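Reviewing the structure listed below.
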Amino acid sequence: MIIIQIAGGLGNQMQQYAMARKLIKLGKEVRLDLSWFKKEKQKNVLAPRNFELAYFVNLPYLECTDADRDRFLNRTKFQKAIGKLIPSKNKVFTESKMYHPEVFDFDDKYLQGFFLCQKYYDDIMPELQQLFRFPIHIYTEQQLKNADIINEMEERPSVSVHIRRGDYLDAENAALFGNIATDEYYDAAMKYFLDKNPDTHFYIFTNDTDYARQKYSDTDRYTIVDWNTGKYSLLDMELMSHCQGNICANSTFSLWGARLNQRPDKIMVRTLKMRNNQEVTTALMHEYWPGWVLIDENGNEV
């Protein structure tokens, strides 16, 4: 049995789930560990989260039992020592780099990580696009608004732009995530689409709407999307998936907005790196993210 810990925000949960589906495709028995979301554990989490995979409609998964989890995590000192001496005997695997091909050979392991890399499950993306089914907004007015804007996105040259500020401006997060999705990045990404079609309309998704309304005030060129909130924030991801193009922040939320895009003419743009403590090379990033346009923090396509 393989158990995958589900943790973090929605985008990370979707990646962990995608890894589970990939391993199931390879014939593995896979269970999800949801214990990270228990109240007693969330008390010690800097940014408390909910199990948001449950917001999708009828998403299939099997949860591990406490006994299943304890078999991997509650090990004796002797067993842990053996695991350190002989890595193949270690029952817990923790992600430490962008891509670990060895995970596909595991049969009896507890996996911890975010598994961001597109290469892990790029081949099953059509299946994932069908599995992640979005709910209907509880309020009819917002649901009709979403339906109208989807039709609009489908009928015009449309590009989603995700700008994550808010928590990314906090000192602790800024050191790790700041100066990556820069103004230069967004300017270059928008120019990339405008060069293809000067009539491109940009739909701005952000957690700082005051900033967006000031910077992107031309309503003929930009639409600020701000009505999907709380539990229904994930409907922004659905809207992103209907645009012809997707400009992503260094945020897993918008990466999934692009990944779930089923348009045959879609163009996906992302930052070269996700974190400031992450070493990247252009060649590897193109291998790990096939089909994506990569733009660095200086606005250079690489």
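Everything quoted here is computed from the prediction, not taken from an experiment.
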Please lay out, stage by stage, how R71 and D66 fare under the test salt bridge (charged side-chain N to carboxylate O under 4.0 Å, His left out). CA-CA 9 Å; R71 183 170 69 85; D66 291 343; over 6 Å; no
Let me see the working for F134 and F56 under ring-ring contact (aromatic ring centres under 6.0 Å, His included), right down to the final yes or no. CA-CA 5 Å; F134 291 95; F56 289 106; 5.4 Å; yes
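Qualifying ring-ring contact (aromatic ring centres under 6.0 Å, His included) partners for F205, counting only residues two or more places apart in sequence or in other chains: none. Remark: Y110 pairs with D33 by the side-chain hydrogen bond (donor to acceptor under 3.5 Å, both in side chains) rule, at least two apart or across chains. Residues passing the ring-ring contact (aromatic ring centres under 6.0 Å, His included) test with Y185, sequence neighbours excluded: none. Residues that satisfy the side-chain hydrogen bond (donor to acceptor under 3.5 Å, both in side chains) test with E301, not counting sequence neighbours, are absent from this structure. Not counting sequence neighbours, S233 has no partner by the side chain to side chain contact (heavy atoms under 4.5 Å, CB included) test. Judged as a side chain to side chain contact (heavy atoms under 4.5 Å, CB included), and not counting sequence neighbours, the contacts of H201 are R156, Y203, T223. Contacts of F114 classified as ring-ring contact (aromatic ring centres under 6.0 Å, His included), with partners at least two apart in sequence or in another chain: none. For K43, the side chain to side chain contact (heavy atoms under 4.5 Å, CB included) test picks out no residue, with sequence neighbours left out. F253 pairs by the ring-ring contact (aromatic ring centres under 6.0 Å, His included) definition with H162, not counting sequence neighbours.
Of the charged side-chain nitrogens involved, at least one lies within less than 4.0 Å of a carboxylate oxygen, so that K22 and D123 count as a salt-bridged pair. Using a 4.0 Å cut-off between a side-chain N of Lys or Arg and a carboxylate O of Asp or Glu, E63 and R31 do not qualify as a salt bridge.
Of the possible donor and acceptor atoms, none in the side chain of D107 sits under 3.5 Å from a partner among the backbone N and O of I2. Without hydrogens or angle criteria, K28 side chain to M1 main chain gives no donor-acceptor distance under 3.5 Å.
In the hydrophobic cluster analysis, where Ile, Leu, Val, Met, Phe, Trp and Tyr join through side-chain heavy atoms closer than 4.5 angstrom, I180 is grouped apart from L176. The hydrophobic cluster containing L128 also contains L116, counting ILVMFWY residues as joined when their side-chain heavy atoms lie under 4.5 angstrom apart, directly or transitively.
With Y192 as the aromatic partner, K196 meets the cation-pi criteria of under 6.0 angstrom to the ring centre and within 45 degrees of the ring axis. Cation-pi check for K145 over W227 is met; the charged atom lies under 6.0 angstrom from the ring centroid and within 45 degrees of its normal.
For residues 131-144, there are no side chain to side chain donor-acceptor pair (under 3.5 Å) pairs, not counting sequence neighbours. Sorted by first then second residue, the side chain to side chain donor-acceptor pair (under 3.5 Å) pairs that include residues 47-58, not counting sequence neighbours, number zero. Identified under the salt bridge (Lys or Arg N to Asp or Glu O under 4.0 Å) test for residues 2-14, with sequence neighbours left out: none.
Note that CG of N261 is 8.0 Å distant from OG of S160, once rounded to the nearest 0.5 Å.
Q16 pairs in a side chain to side chain contact (heavy atoms under 4.5 Å, CB included) with only one of the listed residues (L32, L53, I6, L111), which is I6.
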